[in-house]
Each structure stands twice: as C-alpha cells, then as structure tokens.
Amino acid sequence: MELINRHNLKDLKELFNSKYYEKILIVGGNQSFYKSGAAKLIRKLTKNKKTFLYLKKKKIPEIYELIKLIKEIKKFKPNLIVSIGGGAVMDLAKISNCMTDIDEIIPKVKNNSYKISKKFCDIIAIPMTAGSGAEVTTNAVLYIGKEKFSIESSFIKPNHMALFPHLVINNKKKKIIHSSAFDCFAQAVESMFSLKSNEKSIEYSKKSLDLFDNNYKSFVKNKSFEKGYLLSLASYYSGKAISISKTIAPHAVSYPFTSFFGVNHGYAVSITFDGFLKYNYENISKSKKKYDLNNRYEMLFKFLKIKNIEELSNKISEIKKELSLESQISKINKNIPKKIDLIVDNVNVQRMTNNPVEVKKKDILNILKKTM
Ligand SMILES: [Fe+2]
C-alpha cells in the first residue's frame with residue numbers, strides 16, 4: 001500500500017489495526033525517533049500490539065549493526081517491521097528483513113552471490129527526510145568496512161510506505177534535511193541520464209524535478225507542512241525513478257566520501273554532481289548511444305527553464321547555496337584534499353556502467369581537482 005496523501009493517519013491506523021500485524025518491530029533513528037514525534041506516532045498506531053523497538057546507532061547502514069538487528073528479528077518474530085527514519089534507517093530495516101543467513105552475509109555480499117529469495121515479514125517505510133526515496137526503491141546500501149555494496153532484490157522494496165510530512169518538518173537536523181534534499185534533486189537528474197532510463201522513469205524524474213524546483217526554496221526558508229509534503233512527494237518520485245534506472249557517476253563517486261569521512265550522503269553526491277554533468281556534456285560525441293544524450297540535455301534544460309550547460313551549472317550552484325552545501329571539499333572536511341587518491345581508489349568504476357559516457361579513474365581525479 002502506498003499512502004502518499006497529505007494526511008494519512010486514518011489509513012495508517014487502519015493498516016496497523018490489521019489482525020495479521022500482532023507483533024510489530026520498529027526500527028528508528030537513535031535521536032530522531034523521540035525528537036521528531038515518531039515515538040508519539042508509533043504509540044498511537046501500535047496500541048494493543050506487542051512491540052519491540054530497535055534504535056539505529058551507526059550513522060550509515062553497516063554490517064555489524066545489520067547482524068544485530070537480524071538477530072532481534074529472529075528472536076522477536078514480528079509480523080510487521082516499521083522503518084521510520086532517514087535513508088540509513090530504511091536501508092538497514094529493508095535489508096534486515098531479507099537476509100537471514102547471518103554467517104553467509106559477509107562472504108556472499110562481497111562476491112555478489114547472496115541470493116535473496118524471500119522476506120521475513122511485511123515492512124512499512126515512513127521517511128523522516130525528504131530525499132532518498134528509499135521508501136520505494138528495490139535496493140538498499142550496505143557498508144562492510146569502508147566498502148559500499150548495493151543489495152538489490154524486489155523483496156527489498158517495502159510492502160507499504162506512508163508519507164507523514166509532520167516528521168520531516170519536525171526533523172531539526174538541518175544538515176541532514178538539506179543533504180537529503182540535494183539527494184532528491186540529484187537522483188531525479190541522474191536517473192534521466194542513466195542508460196537504464198525509460199519512458200516511465202523519465203516521467204517520474206520530471207514529476208520529482210517539478211516538485212523539487214517549485215518548492216525547495218520555500219521549504220528551506222519555512223518548513224511548513226505543505227512544503228514538507230511537496231518535498232516528500234518529490235523524494236518519493238525520485239525513488240520511483242531510480243528504482244528503474246539506478247543512478248550514475250556522482251552517486252558512484254559519493255560513497256568513499258561517506259565511508260571514509262562521514263560526509264552525509266546527499267552532500268557527498270553534490271561534490272561531483274556539477275563536474276560530471278559537465279563531463280558528460282563535453283563528451284556527448286563519445287556517449288554510449290543508447291539514447292540521444294544531446295536530446296536528454298535539451299529536455300533537462302527546457303524542463304528547468306534554462307538554456308545551456310552554463311546555466312545548468314549556475315542552477316546547481318544556486319541549489320547548493322540555498323541548501324548551505326559547500327562546493328570546495330576542503331570546506332567540507334579539511335582532511336579530504338590530502339586523501340584524494342584514497343577516494344579515487346575506492347570508487348568502483350564498474351558500478352558506473354549506467355553513466356552515458358565512459359569514466360576512467362583519471363577523469364574522476366580531474367573532476368575532483370576542480371573541487372579543491
Ligand atoms: Fe541517493
């Protein structure tokens with residue numbers, strides 16, 4: 001069930017009241033769960049139910065916390081898992097519901113042979129950031145050490161999702177909210193350029209971009225319920241788009257920034273976003289030609305009411321400024337410029353296969369140098 005209206009409380013109550021959902025395991029963020037009003041909402045929804053609360057401690061979805069959560073699920077045996085939080089909470093809960101062989105996870109994820117063939121129980125995702133779209137995607141991110149893996153399966157997608165904008169606007173972690181908002185924009189744009197994009201994903205991208213572009217400024221200034229709702233909807237559509245198309249180079253390069261330096265996901269994506277859009281544009285003639293890359297850029301320009309690549313670059317700068325995202329990596333973390341090779345060496349170039357133009361390590365290095 002997808003509850004994407006402004007007001008979902010009545011429908012949510014009905015869903016939770018189902019007699020099938022007697023035991024409910026809740027996964028939330030360590031601090032955000034109480035501060036944002038999620039605890040209050042869950043109390044309302046789970047009256048007369050047996051519940052178990054797991055609060056995520058680590059900033060990113062990582063293997064040892066995942067194993068801990070899987071053990072709790074096996075012990076408690078819920079009929080429903082509620083993941084209520086940002087992208088990391090949703091990813092952790094989504095994977096924990098699908099991976100049962102604890103001993104097999106590390107070796108099999110590493111050699112890409114873990115087969116997901118079922119899920120433990122139903123799961124509902126209620127996002128507390130407007131950005132990742134993780135409530136509707138068929139994949140989830142997992143870190144083993146500093147290495148990022150994408151766990152993909154139709155079982156990963158939550159059975160149910162609900163937008164509940166009060167939680168987004170009560171989320172006081174400005175850095176996370178702003179980083180997530182950029183993720184929403186980046187995903188919608190990257191999806192448009194992915195070699196796996198199709199008519200449907202482009203339609204979702206356009207819906208997401210339209211909602212984002214018309215509302216992000218006022219969302220930043222005044223986190224009203226209405227703007228929180230519209231940004232949540234933009235995020236929902238960006239999730240729908242990348243579920244089909246996956247993301248391209250800026251996402252692929254973002255992960256070492258997160259795993260080695262703790263940069264929030266959307267912020268990390270923003271670092272090379274402009275650089276790669278320019279790189280792809282400058283290399284249109286070398287594009288892989290699954291679609292007309294020039295036409296795709298024209299479509300984006302028209303849609304964002306801009307004329308050319310320079311104006312696109314200005315537009316990206318404007319969005320980053322509004323979201324208080326720095327463009328120079330030394331301002332994000334002064335240690336990053338000294339460790340650029342570490343970033344480049346830890347980008348999996350094979351994961352860039354959806355990018356419309358081939359990207360080599362030297363290209364990544366050139367793009368990163370421009371952010372120093
Ligand atoms: Fe993302």
Side-chain angles (χ1 to χ4, degrees), residues 29 59-62 83 85-95 125 127-143 147-152 156-158 161 168 171 173 175-194 196-197 201 204-205 207-209 211-212 216 231-259 261-277 316 319-320 323 325 332 343 346-348 351-355:
K59 192 175 168 180
I60 53 178
E62 67 86 41
S83 75
V89 167
M90 287 190 275
D91 279 0
L92 189 72
K94 284 162 70 178
I95 304 172
M128 272 168 45
T129 53
S132 73
E135 65 276 16
V136 287
T137 55
T138 50
N139 77 308
V141 168
L142 175 67
Y143 285 89
E147 212 176 332
K148 174 254 174 187
F149 296 89
S150 181
I151 312 295
E152 304 204 8
I156 288 277
K157 186 182 166 188
M161 57 77 56
V168 175
N171 192 337
K173 291 197 167 169
K175 274 188 176 169
I176 293 178
I177 289 286
H178 287 191
S179 163
S180 294
F182 194 88
D183 189 26
C184 168
F185 170 68
Q187 288 178 175
V189 174
E190 286 184 44
S191 176
M192 269 189 175
F193 291 109
S194 166
K196 284 195 186 132
S197 61
S201 71
Y204 288 138
S205 277
K207 278 188 181 172
S208 175
L209 279 179
L211 285 158
F212 179 87
Y216 80 95
L231 256 281
S232 298
L233 207 53
S235 164
Y236 162 84
Y237 284 120
S238 89
K240 288 263 193 197
I242 60 161
S243 246
I244 297 171
S245 68
K246 312 298 169 207
T247 46
I248 57 168
H251 261 73
V253 176
S254 77
Y255 295 104
F257 285 103
T258 300
S259 61
F261 299 99
V263 181
N264 288 329
H265 171 64
Y267 205 161
V269 171
S270 77
I271 295 171
T272 60
F273 187 73
D274 182 34
F276 274 117
L277 284 181
I316 294 165
I319 294 172
K320 285 169 79 167
L323 297 173
L325 303 175
I332 300 172
I343 299 282
N346 282 281
V347 173
N348 190 337
R351 295 227 175 86
M352 293 233 216
T353 46
N354 298 328
N355 200 65

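Numbering of ligands and ligand atoms starts at 1, following listing order. No experiment lies behind these values; they were computed from the predicted model shown.
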Problem set entry | the Fe ion (ligand 1) to nearest N/O/S of S132 below 2.8 Å | no

Seminar exercise, completed: When Y143, F257, Y255 are each screened for ring-ring contact (aromatic ring centres under 6.0 Å, His included) with H265, the one that passes is Y255

Problem set entry | Metal site angle (apex the Fe ion (ligand 1)), OE1 from Q187 and OD1 from D183, 10 degrees | 90°

Exercise. If you measure from CG on N354 to NE2 on H251, what distance do you get to the nearest 0.5 Å?
Worked result: 12.0 Å

For this session: Please note down the angle at the Fe ion (ligand 1) between NE2 of H251 and NE2 of H265, to the nearest 10°.
Result: 90°

Exercise. Which value, rounded to the nearest 0.5 Å, describes the distance between L211 atom CG and Y237 atom OH?
Worked result: 7.5 Å

Problem set entry | S194 side-chain N/O to S245 backbone N/O, donor-acceptor pair under 3.5 Å | yes

